[in-house]
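Written below as structure tokens is the structure these notes are about.
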Amino acid sequence: ALVTGVQTCALPICFPVTILHLENNFILAGHHETPSELFCEGDVSILTSISEGFPYTVIESMSCGVPVVATDVGGVGEALDDSCGYLCKPKDFEALGNRVIELLQNEELRKNMGENARRKVIQNFTITKFINAYEKIYDSLMQSPVDKTISWGANNAKNALSVGEVERLLAYMRGEL
């Protein structure tokens, strides 16, 4: 198993590996500048977070056609469904382990989920989709007759965009600037 993001032998990982004499089965690879190169090498991607924002690791694995077993935290459920992987309750290590074993033992299921994962990313999570979604939001804000600035945060005066600034932002996102 290749474990990334772990710089040194972290006790929660190394202790069970050592006790079970699995040192030859694990590589603690640490930080990797181009994780997409690693995702394509795996049979299953596993995310065991107890807290997560937008799950880029899940999306990157899925884009490589790798099924994912992950905890249902943060935005993971928005990316992952049962056609391309499994969601488990946070800290339910038995469910996580059982799902990983299921995928490792069933090549056809793993292949189908991987294909579905890649398809889902292409249909929903491309840069073009994100830009189009932002454009729709900005366009709707610019059509608003109430206020010609967009403000956010505790001190709105320091965090405001004019319609012209939003238009320049849209032009930049379209590659026109």
Side-chain angles (χ1 to χ4, degrees), residues 3-6 30-42 44-92 95-96 99-100 103 109-177:
V3 180
T4 60
V6 179
H31 176 74
H32 199 279
E33 289 297 322
T34 53
S36 60
E37 292 174 5
L38 300 177
F39 294 133
C40 294
E41 297 296 321
V44 177
S45 181
I46 308 163
L47 180 71
T48 61
S49 297
I50 57 171
S51 176
E52 191 74 31
F54 187 77
Y56 288 103
T57 299
V58 170
I59 299 295
E60 290 167 338
S61 296
M62 291 170 59
S63 73
C64 293
V66 176
V68 177
V69 177
T71 48
D72 191 6
V73 295
V76 175
E78 295 175 43
L80 187 63
D81 61 40
D82 60 1
S83 73
C84 50
Y86 293 116
L87 285 170
C88 301
K89 292 179 183 175
K91 298 183 181 181
D92 188 348
L96 285 160
R99 292 302 196 173
V100 170
L103 285 170
L109 177 63
R110 190 172 64 243
K111 181 181 176 193
N112 288 338
M113 282 189 164
E115 289 170 358
N116 291 337
R118 177 133 175 88
R119 188 176 310 111
K120 185 169 184 176
V121 169
I122 290 168
Q123 291 173 351
N124 298 291
F125 298 107
T126 63
I127 190 69
T128 301
K129 294 275 185 183
F130 285 121
I131 289 172
N132 289 341
Y134 276 110
E135 284 179 342
K136 285 181 186 177
I137 292 168
Y138 290 139
D139 285 342
S140 71
L141 290 171
M142 290 189 327
Q143 301 302 318
S144 174
V146 178
D147 190 359
K148 294 300 176 188
T149 62
I150 303 163
S151 302
W152 68 93
N155 186 353
N156 289 342
K158 290 184 179 178
N159 300 314
L161 291 175
S162 69
V163 171
E165 290 168 323
V166 172
E167 288 171 342
R168 284 194 302 278
L169 180 59
L170 282 172
Y172 174 79
M173 291 173 71
R174 289 185 196 114
E176 297 169 0
L177 295 180

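- Proximity of R118 to S63: side-chain heavy atoms (C-beta onward) are separated by under 4.5 Å at one or more points.
- With values rounded to the nearest 0.5 angstrom, N132 atom CG is found 11.5 Å from I137 atom CD1.
- Scanning both residues, L103 and Y86, for their nearest heavy atoms gives CG-CE1, 3.9 Å.
- Legend: residues meeting salt bridge (charged side-chain N to carboxylate O under 4.0 Å, His left out) with R110, ordered by chain and number and at least two apart, are absent.
- Within a 6.0 Å sphere centred on OH of Y56, heavy atoms belonging to other residues, nucleotides or ligands number 12 at most.
- Under the rule for a salt bridge (charged side-chain N to carboxylate O under 4.0 Å, His left out), E78 has no partner lying at least two apart in sequence or in another chain.
- Using a 4.5 Å heavy-atom threshold, the side chains of T71 and V76 count as separate.
- Atom CG of residue N124 and atom NZ of residue K129 lie 6.5 Å apart, to the nearest 0.5 angstrom.
- Atom-to-atom distance recorded for N116:CG and R119:CZ is 5.0 Å, nearest 0.5 angstrom.
- The two residues F54 and F130 make their nearest non-hydrogen contact at CZ-CZ, 4.2 Å.
- Taking all atoms of both residues into account, the shortest heavy-atom contact from L96 to A70 is CD2-C, 4.2 Å.
- For K120 (side chain) and A79 (main-chain N/O), a donor-acceptor pair under 3.5 Å exists by modelled atom type.
- Note: T48 OG1 to D92 CG = 12.0 Å, rounded to the nearest 0.5 Å.
- The CD1 atom of I122 sits 9.0 Å away from atom OG1 of T126, with the distance rounded to the nearest 0.5 Å.
- Atom OH of Y134 has 12 or fewer heavy atoms from other residues, nucleotides or ligands within 6.0 Å.
- Residues V66 and S45 share a closest heavy-atom pair of CG1-N, 3.6 Å.
- The heavy-atom pair separating P67 from M113 by the smallest distance is CB-CB, 3.7 Å.
- For the residue pair L47 and V58, the shortest heavy atom distance occurs at CD2-CG2, 3.7 Å.
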